[in-house]
Engineer: 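First the structure, then my questions, so here it is.
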Number of protein chains: 2
Amino acid sequence: MYVESAMSGSSRMASVGKPIELAPGLELPGFSMAFDPNEEIFGEEEPTDFVYKVISGAVRTTRLLSDGRRQIGAFYMPGDVFGLERGETHRFSAEAIAPSEVALVRRSALERAAERDGAAARKLWALTSHELEDLQDHMLLMGRKNAAERVGSFLLKLARRGASGVIELPMSRGDIADHLGLTLETVSRTLSQMARDQSISLPSARRVVLRNPGALLAA
Amino acid sequence: MYVESAMSGSSRMASVGKPIELAPGLELPGFSMAFDPNEEIFGEEEPTDFVYKVISGAVRTTRLLSDGRRQIGAFYMPGDVFGLERGETHRFSAEAIAPSEVALVRRSALERAAERDGAAARKLWALTSHELEDLQDHMLLMGRKNAAERVGSFLLKLARRGASGVIELPMSRGDIADHLGLTLETVSRTLSQMARDQSISLPSARRVVLRNPGALLAA
DNA sequence: CGAGCGTTTGAACAGCGTCAAAACAAGTGG
DNA sequence: CCACTTGTTTTGACGCTGTTCAAACGCTCG
């Protein structure tokens, strides 16, 4: 969808002018919207009019090759900011994975804040920088790790944000596969194998408990 | 090597206090150094005291897994800035590929400039942002493209910067492989195949001429 | 001319992908 | 409450792409 056209009169806008905290100490006026699973939040090539933050639910950013092959750039969980780009148009599309509430801040508001306030500018740079660091880790994963190492690294990364030892997976096997550069069958097989090895347990398909995190470690 | 310790009295410092143009309209005082092929410019975990710019030659940034598997993050050609990170220590090491001259600018000088001048801060953000975009393309390449598509994309990207149709490769097959997530044998075989198909010609191992760029295109 | 790398090529192998089917979970309507 | 539908996950059998191991080739530079 294209937000500009959906904005006026949409019943899905939860509120307007609410302060949104994009980073610690960086609050800007914005509003929030609700999205259903698989609903597009913004599309590739659309203008970068907004910056987004996940309030609840989960979001994926995706990129497609002309023949349909898909790469998921990242998953965003509550508190994460996404869609911050310097160019005029998005290079990824973003979709809700689960029912999600997403906060939107106008890019123009952001730019004015960065103009006025050096500290705000630095915080925005930090957001981009952090995304870059994540991607650098991911590049090593995709370039040089095997299937078990990829899935293991993915689980460990998820575990790091969730405080408890139980990981709730909002995304499907196919989403994980398209994020890790594998097929959904390989992801499923790898998880089954890890469960057989007692490295994890799988109380249900979307729930993982780490039993032996060390066994998932690669480098 | 660790520059701080090598700086005083080094005969390799070509000059001091020279103005270095990190981005169009962003000049900062710095100095330049010469590096031999395979010589380390900075190491993983070293403090991020400098930002670097290739004057001549070529540079690679690399990351290692504990068992020696290597991922090359990017190749930097004359005019490119590298080593700009927000954290206190580098997440990659950098080595010269060919005999190279590299300009160094103190990070502290950079930070003072960004503090004073909003435009300078924005240019630094743009550098990080551009690196992020490159990496996003690379992620799609590594996650979803086959060997021929990876090598093809790599050649097309190199061709885009060199104005002429002839590409000079400063890096080895092994370097290309570690950048694309392949083995050096696969890179070599793929290039040979492309030459057989008349998509390229290989006047020498380190020189590629694009004969049919369209055939290299993937998506 | 010979030594030492880097590159090319070959043959066998393995990891992951593809295709297919069955099992499972969740929601819907009778 | 159960039968049915739909989408997701698991599992199996097989094949291909890219890796591994190995040898030959060809630059480049003493």
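Here is the naming used below: chain letters follow the sequence lines, and residue numbers restart at 1 for every chain.
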Engineer: On DNA chain D, does the nearest nucleotide to R144(A) precede the nearest nucleotide to G174(A) from the 5' side, or the other way round? Give the residue.
Structural biologist: G174(A)
Engineer: Would you indicate what L184(B) reaches in the nucleic acid, counting non-hydrogen atoms under 4.0 angstrom: base, sugar-phosphate, or nothing?
Structural biologist: base
Engineer: Would you please indicate if the ring centroids of Y52(A) and F42(A) are separated by under 6.0 Å?
Structural biologist: yes
Engineer: With the threshold set at 4.0 Å, does a side-chain nitrogen-carboxylate oxygen contact exist between R211(A) and D197(A)?
Structural biologist: no
Engineer: Could you check whether S93(B) and E40(B), counting side-chain N and O atoms only, form a donor-acceptor pair closer than 3.5 Å?
Structural biologist: no
Engineer: Between Q136(A) and R91(B), do the side chains contain an N or O donor and an N or O acceptor separated by less than 3.5 Å?
Structural biologist: yes
Engineer: How long is the span from the CE atom in M139(A) to the CZ atom in R144(A), to the nearest 0.5 Å?
Structural biologist: 12.0 Å
Engineer: Shoot me the first and last contacting nucleotide of DNA chain D against chain A, ordered 5' to 3', at under 4.0 angstrom to non-hydrogen atoms.
Structural biologist: dT8(D) to dA13(D)
Engineer: Need to verify one output field. Residue with the more 5' nearest nucleotide on DNA chain C, M171(B) or R189(B)?
Structural biologist: M171(B)
Engineer: Let me confirm one number: the CG-CZ distance from L191(B) to R173(B), rounded to the nearest 0.5 Å.
Structural biologist: 5.0 Å
Engineer: Distance under 4.0 Å to a non-hydrogen atom of chain B counts as contact; along DNA chain C, which nucleotides mark the start and end?
Structural biologist: dG6(C) to dA11(C)
Engineer: Give, for atom OG of S201(A) and atom CG of L210(A), the distance between the pair rounded to the nearest 0.5 Å.
Structural biologist: 8.5 Å
Engineer: Using a 4.0 Å heavy-atom cut-off, does R150(A) contact any base of the nucleic acid, only the sugar-phosphate backbone, or nothing at all?
Structural biologist: nothing
Engineer: For S188(B), which contact category applies under a 4.0 Å heavy-atom criterion: base, sugar-phosphate, or nothing?
Structural biologist: base
Engineer: To the nearest 0.5 Å, tell me how far R107(A) CZ sits from L84(A) CG.
Structural biologist: 8.0 Å
Engineer: So which one's nearest nucleotide on DNA chain C is more toward 5', T186(B) or L182(A)?
Structural biologist: T186(B)
